[in-house]
Amino acid sequence: MEMVPSEENQLVLKEGMFWSCRQSIFDEMKKRFSQVENAAEEPRVLCIVQDTTNAKTVNERLTLNLPASTTLSKLFEDVAHKAGYVNGTFDLAWRKTGDMGPLDPSSEMSLTESGFEPGKRNFLQLTDKDGEQPQIASDESGTAGSSGLDDRQERFIGPLPRDCTVGCSSDYSSPSYSYSSILNKSDTGYVGLVNQAMTCYLNSLLQTLFMTPEFRNALYNWEFEESEEDPVTSIPYQLQRLFLLLQTSKKRAIETTDVTRSFGWDSSEAWQQHDVQELCRVMFDALEQKWKQTEQQFSPLTADLINQLYQGKLKDYVRCLECGYESWRIDTYLDIPLVIRPFGASQAYGSVEEALQAFVQPETLDGANQYFCERCKKKCDARKGLRFLHFPYLLTLQLKRFDFDYTTMHRIKLNDRMSFPEELDMGPFMDVEDEKSPQTESCTDSGAENEGSCHSDQMSNDFSADDGVDEGICLDSASSTERVLKPKVPSLNTSSLTFELFSVMVHSGSAAGGHYYACIKSFSDGQWYSFNDQHVSKITQEDIRKTYGGSSGSRGYYSSAFASSTNAYMLIYRLKDPSRNAKYLDCDDFPEHIKHLVQREKESEEQEKRQREIERNTCKIKLFCMHPVKMMAMMENKLEVHKDKTLREATEMAYKLMELDGVVPLDCCRLVKYDEFHEYLERSYEGEDDTPMGLLLGGVKSSYMFDLLLETRRPEQVFQPYKPGEVMVKVHVVDLKTDTVAPPVSIRAYLNQSITEFKQLIAQATELSAETMRVVLERCYNDLRLLYVPNKTLKAEGFFRSNKVFVESSESPDHQVTFTDSLLWKLLDRHGNTIRLFVSLPVQSPGTNRTICQKVGGDPEECSEGSKGNRNSVETILEESTEKLKNLSLQQQQGSCTSDSQKSSDTSDFEHIESPSPSQELDSSVSAVVAVDNRELENRIRAAGGGTYSDPETQFPGEERSDSEVNNDRSTSSVDSDILSSSHSSDTLCNADSGPIQLANGLDSHSITSSRRSKANEGKKETWDTAEEDSGTDSEYDENGKSKAESYYLYFRAEPYAQEDGSGEGGQKCVLVHVDKRITLSAFKQNLEPFVGVTSTQFKVFRVYANNQEFESVRLNETLSSFSDDNKITIRLGRALKKGEYRVKVYQLLVNDAEPCKFLVDTVFAKGMTVKQSKEELMPQLKDQCKLDLNIDKFRLRKKTWKNPGTVFLDYHVYEEDINISSNWEVFLEVLDGPEKMKSMSQLAVLTRRWNPAQMKLEPFQEVVLESSSVEELKEKLSEISGVPLENLEFAKGRGTFPCDISVLEIHQDLDWNPKVSTLNVWPLYICDDGAVVFYRDSTEEPMEQSEDERNELMKRESSRLLKTGHRVSYSPRKEKALKIYLDGGPVKDPGQD
């Protein structure tokens, strides 16, 4: 008997269960807390996964934040759970722009060991596995393939339904896709086509033909004979291959490049958008021609496939209404063009049936359009119309949505609504009468116009004439035969003329361009699909109805403007005839030649897949090599190696890639890890020759944070091991005796090494003494630090991966001197700031064969033995040059120079060093050795130990550098043609002081540390740079003619240089200059005086940029800091600008010429000069150079702003006071017809132009001078010069830049005529300055009436005129490239064409 537990027993039982559960809960909580505690201490890895297996999910991201110890297998499980896929049916790969390295789903390696970075975002891609889509995990609702899923879930692959509208429009709105998304077939089972660029029209037609069973099956039955034709150019064969791939491929989308190549198209055709109906006609003709050229015996269907499937017949008739006589002809058609909106009508046809009825509706020929009847022998009223005699099996309807608006003269698209039935009964439109027995029949009169009734093979190619180019097939044979009508096919029974819709080709966009896609019904399951390039998806009848176009409102005239631009353009129906309706061929039913082709394509696809897999597992990394033969230059290449290849195999590949075979033995080469940016050898791979490259490089990635270097050695050398953590140091040995800095020697050190240990390491590599060694670190560019603390580590001193140091070890007393005062610092300072410049001298230069050597403390290397040996000849040349300079100066002084200025002319032209104290002066042992003619001058330089000094407070304040552009074809500008007779330069030559040379103040701002501050300024009052009051060019002389140069020595050395092209006659024309870039332009020019042969005020310096563009350097107090090594400089003779002078370009203003702006001369204007004075200086230049002999009262100068004429300058205006002037200034010179009317600044000069609508012509410009800004005064002046009554006069301001060109077709309605304002200086006119353009007209004058031909001719003439003037033409019809398919492999190119 079963016992019932007592209440007490029950209590005990419950209590025991309670304590047991409590203990288990505590244990579990303890375990969880331990895990949380450990996880809190453990770094986390953020993984962001992109699902690329479906185009709909490619923009979504899965985010996982995992502990760093998580294994890869666990990562796959977490991703599968979160994405809703079955684990093991997908791959994860690094997401990069190029290759993707797949991760191992079974690996137990942690995320950090696998290359994941904690604390950073790690991007992954979820891709297909072995070409198959990931399987969706089962849930309570069943699998993804079950019937329990709704229609939306069936259409998309993915774990969750996607929030997007399914249909044609949504497909087009999201065209983005990744490459991986096209590798797997869509869930619909159909394959898309890749859009090459703008080939959507081609894709739509190809998909329609593929989904047509009769066309596809007939194409499969045709067999290609490779012996007869090249497969590349065979259009039927390439279509056959494409259809096979569409039916059998596992890809999501395939390319169409092979098909377009067979058309004879190149890559440029992919960027040409064409009309899909036009393509259909041209491609059908090409297929017919190709099949006719073959000798193969076709089946009856294949031989005449296009005509049998698509060709219909109609009768074009005219019937006399008096006698009933009818004349007619039979025409064939491949498609029926249906008008959307009749010409001149305000409403569009509402349906296809309505448009078809209008198509066959006859029109009455009466009045002037009467028809001459052959029977009546007179003109009679008649009816003209069309009758369908035979409908094709596949009926194609073109909805003519593209039209031409004769009001705006623009091509437009009609977006009106036009419905079309799923089943179309063509019986009512069939002519049941006998074709050959004309009868009188009663017709309801209709006024509907039958537009587009050109019913022949070209009847629907409406816009071909617009392009002026024949479109169609381009045959290599000039002979062509007319199409011969095939034997008449018996008329179909009118009771069975029911057609079912199966293809809608949709256009989305405007007449200027857009996008095509196709909505096609499968005859297998009756389901509609959207074929939108590479995307294929299921759609519904509602999506088809959305392609009707139009809007929900009434069908008014302007309804098209507010309608959707996505609508049906071509409709294809198939006749419902069970006896003829075919089904798609299955793979088992393929002909034998097709089965062989399928096998070949499958093998090709597998090979492509294998190649893609290899690419995904290939490491691509930059490879460098210092080639021992090829100019010892660092060569760069790209090493592509499979991840499973060993280091030894990769080294051999790099060896061949760098072409070292026969130069260096293979065993003398190795691969090392390299950092190109820092020129740093990170590590070597000793003992890892058999390690796979995938492990060494950290996996397959599209880009790496490091590179590889193929290092070489000589056979007797041994490779040095490079260990991680080492730093690379380039050591330059400095020799104070010879003032040289040796090329670098590379050594490796550790950051934790002390300075003492580092010196010993350098001593071993350079064989220098460590006890007397001084080590200087260049932390960054030209920032030097002496390393003098023995126990300080390299890391504390600022060492990094790659470093540069200078070392010097000698017993010289320079060790006891402060570093910034030492010879070592000065030598390194000079070394870091010296640049090399190539200077081209003018041909007239007499001093091109000289070498000048300036040095500190003697420099036997820089002042070579050869130059010493030729000392006498150099002195002789310089003596001649100096004598010429003296004579030139004396001629221009004309005895007015004072003894002081003559004395200053004997001082040195070169720079010296200022010593703060006599002891420093002796220690530095500075001397300047200059080959000059004056021995007394040379002795004075040596005795001074650096030259004379000048007060730094007299420095010329610095300004920003500004280069003015010059004409490259002028070696000497017009204003400099006579450099000796310029009135502006006499005082300059007289007072020229060639003494101490200036150093730009503020040099310290270029230094990074205080140790680089110039010691020459120590103890002196510091002077700050300030901008001058004027913005003119600097002068190197002050108002008293004294030189403003400073007395600091800066390095300058020049020597002859032979140009590579050997140009120049009668001596060397180039010098190679080594100069301290802190030197000023003024000092640089003075150093160049002996080489140019004239004073620095008589030549100009031009900096040569890329493409040989030259810009003049005019800021004399600026340094050469913007120059760099190997920059080129051109010296041109001509007077340099003085302070307050500006170089000006003068252009002539020709208001009524086609080119209103013409360059005249370059000239110089000076501050304080009046406009009249500048005109007086201009007149002789204009006469000599431009043959313009002008009276000073017959021309004016005015402001030039780009191409626009501006303020008129009056003769009494003063530059810089009344007129702002700047560098590179430009002015207009305007020749006057009469005396100057502008007398004061209160007047306003306006350029006016009359518009004559009756003649469709613009008259020439006339200037009107107003005393005020009154509109009434302007109208009065215009009425006075034109004779138009004041009440009829209307005006408008011109738009754009001068001359404000506008088409005569647009001016009458486009300008803002007669604005309601009383003054000119308010909106919308804003005429506040001279030079504004104003159009005016007579309001009573009507535009000239023009025929269509006259208007078209005028439009072409205006377009040509405006394009020549650079004016933007508002109407420019798009010139479409003619659509052609070439049967001979491609177009014949003109040999003379580029």
Side-chain angles (χ1 to χ4, degrees), residues 193 195-209 212 215 235 239 256 259-260 262-265 268-290 306 309-312 332-340 392 394-404 411-414 451-475 483 503-518 567-572 1373-1383 1387:
L193 295 174
N195 192 334
Q196 296 183 35
M198 299 175 70
T199 56
C200 52
Y201 67 99
L202 173 66
N203 294 348
S204 302
L205 179 61
L206 292 176
Q207 292 284 19
T208 297
L209 297 178
T212 306
F215 187 91
I235 299 175
L239 280 178
T256 58
V259 174
T260 55
S262 70
F263 291 171
W265 294 358
S268 64
E269 288 287 348
W271 296 93
Q272 295 286 336
Q273 190 176 68
H274 294 289
D275 187 274
V276 67
Q277 184 269 346
E278 179 188 9
L279 172 69
C280 182
R281 302 298 306 278
V282 173
M283 192 167 75
F284 281 175
D285 286 347
L287 285 171
E288 281 191 321
Q289 294 292 339
K290 275 291 186 181
I306 303 301
L309 294 180
Y310 295 93
Q311 182 176 278
T332 60
Y333 64 89
L334 295 180
D335 53 54
I336 303 173
L338 298 181
V339 174
I340 298 291
L394 297 173
L395 178 65
T396 304
L397 304 179
Q398 181 203 7
L399 308 185
K400 298 180 65 178
R401 293 195 175 273
F402 299 109
D403 205 349
F404 192 80
R411 195 180 182 192
I412 60 172
K413 181 184 177 185
L414 303 175
E451 180 181 310
S453 56
C454 176
H455 306 289
S456 64
D457 285 342
Q458 302 298 327
M459 67 179 179
S460 57
N461 204 357
D462 301 302
F463 298 103
S464 62
D466 294 343
D467 295 327
V469 182
D470 291 334
E471 296 180 353
I473 300 184
C474 180
L475 302 173
R483 175 177 293 178
S503 177
V504 181
M505 276 171 265
V506 183
H507 181 268
S508 176
S510 65
H515 178 67
Y516 284 101
Y517 62 92
N567 35 53
Y569 181 62
M570 275 187 70
L571 310 173
I572 301 183
R1374 183 168 60 94
K1375 182 70 175 179
E1376 296 181 1
K1377 187 177 179 180
L1379 174 62
K1380 292 185 179 181
I1381 293 179
Y1382 303 90
L1383 302 183

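Side chains included, hydrogens not; waters and symmetry mates left out as well; all remaining heavy atoms used.
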Over all heavy atoms of both residues, which pair between [X] and [Y] is shortest? Give the atoms and the distance, please.
X	Y	result
S204	T208	O-OG1, 2.9 Å
I235	S262	CG1-O, 3.6 Å
A511	R411	CB-O, 3.5 Å
T256	Q196	OG1-NE2, 2.9 Å
L193	N203	O-ND2, 3.5 Å
C280	L205	CA-CD2, 3.6 Å

Taking the side chain as every heavy atom from C-beta outward, state whether [X] and [Y] have any pair of such atoms under 4.5 Å apart.
X	Y	result
Q272	L1379	no
R281	L334	yes
L202	L279	yes
S503	Q207	no
L394	T212	yes
H274	V282	no

Trace of the side chain to side chain contact (heavy atoms under 4.5 Å, CB included) decision for I340 with L399: CA-CA 7 Å; I340 298 291; L399 308 185; 3.8 Å; yes
Distance-only polar pair, side chains of Y310 and D335, donor-acceptor under 3.5 Å: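 The answer is no; no qualifying pair exists.
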Check: T260/E269 side-chain N/O donor and acceptor closer than 3.5 Å: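 Checked: T260/E269 side chains show no N/O donor-acceptor pair below 3.5 Å.
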Value rounded to 0.5 Å, distance of CD1 in I572 from OG1 in T396: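 Nearest 0.5 Å value for the CD1-OG1 distance: 4.5 Å.
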Straight-line distance of L395 CG to Y333 OH, nearest 0.5 Å: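 The OH atom of Y333 is 6.0 Å from CG of L395, to the nearest 0.5 Å.
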Looking at [X] and [Y], would you say the former's side chain and the latter's main chain have a donor-acceptor pair under 3.5 Å?
X	Y	value
W265	K1380	yes
Q277	Q398	no
R401	L414	yes

Aromatic ring proximity H507/Y517, centre distance under 6.0 Å: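 No.
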Mutual orientation of the aromatic rings belonging to Y201 and Y516 [parallel < 30°, tilted 30-60°, perpendicular > 60°]: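 Ring orientation of Y201 relative to Y516: perpendicular.
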Worked verdict on D275 versus Y569 for side-chain hydrogen bond (donor to acceptor under 3.5 Å, both in side chains): CA-CA 10 Å; D275 187 274; Y569 181 62; 2.4 Å; yes
Verdict with reasoning, M570 to L397, per side chain to side chain contact (heavy atoms under 4.5 Å, CB included): CA-CA 6 Å; M570 275 187 70; L397 304 179; over 6 Å; no
